[in-house]
Amino acid sequence: NAPIRSPENAIFRSSCTANVATTFAFEQGKRMVRALMAAKKAKTEMHWRDAYQSLAMRIRMRLCSVWGYRPDSSALTLCPSGTDAEYIPLLLALGRALTMEQSAEN
C-alpha cells in the first residue's frame, strides 16, 4: 500500500501505479479538486463539465508546450492508469479496423 502523502526524502519514479505524489503534485491536485467542487456547487452539470474540460485542456496545452507539439495537429489522451494507456490505442485500432472492414464490404 502506498501512503497518501509523500514521506520526506522520498525517491519518486513514474513507472509504478502505486506512486506517491510529490508534495507539489499533491497540493496541485487538491487545488484542482477544490476548483471542481466549487463548479459542482453551482448546481448545474454544465459548470461541472466545463470546469473539468478546462482543467484537462490546460494540462494538454502544457504538455504540448513541453513536448513541442502543435495542439491543432496533435491529440493527447489523459489516462488514469498505465493499463488504460495501453488499452485505449488498442480500442482505437479496433474501431478503425472495423470501419475499414465495413467500407470494404460496401
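Index from 1, following the sequence.
Applying the side-chain contact (heavy atoms from CB on, under 4.5 Å) criterion to E86, with sequence neighbours excluded, gives no partner residue. Every side-chain hydrogen bond (donor to acceptor under 3.5 Å, both in side chains) that R70 has, sequence neighbours left out, goes to D72. With sequence neighbours left out, the side-chain hydrogen bond (donor to acceptor under 3.5 Å, both in side chains) criterion links R31 to Q28.
Members clustered with I88: L92, by chain and number, using a 4.5 Å side-chain heavy-atom cutoff among hydrophobic residues. The other members of the hydrophobic cluster of L90, by chain and number, are Y87 (side-chain heavy atoms under 4.5 Å, ILVMFWY only).
Taken from CD in E101 to CG in L94, the straight-line distance is 9.5 Å, to the nearest 0.5 Å.
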Using a 3.5 Å cut-off and no angle test, enumerate the donor-acceptor pairs between side-chain atoms of residues 60-69 and protein atoms at least two apart in sequence or in another chain.
unit_1, atom_1, unit_2, atom_2, d
R60, NE, L76, O, 2.9

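Linking ILVMFWY residues whenever their side-chain heavy atoms come closer than 4.5 Å, directly or via other members, leaves V33 and I59 in distinct clusters. No path of Ile, Leu, Val, Met, Phe, Trp and Tyr side chains, each step under 4.5 Å between heavy atoms, connects M37 with L55, placing them in separate hydrophobic clusters.
A donor-acceptor pair under 3.5 Å is absent between the side-chain atoms of S54 and the main chain of D50, judged by distance alone.
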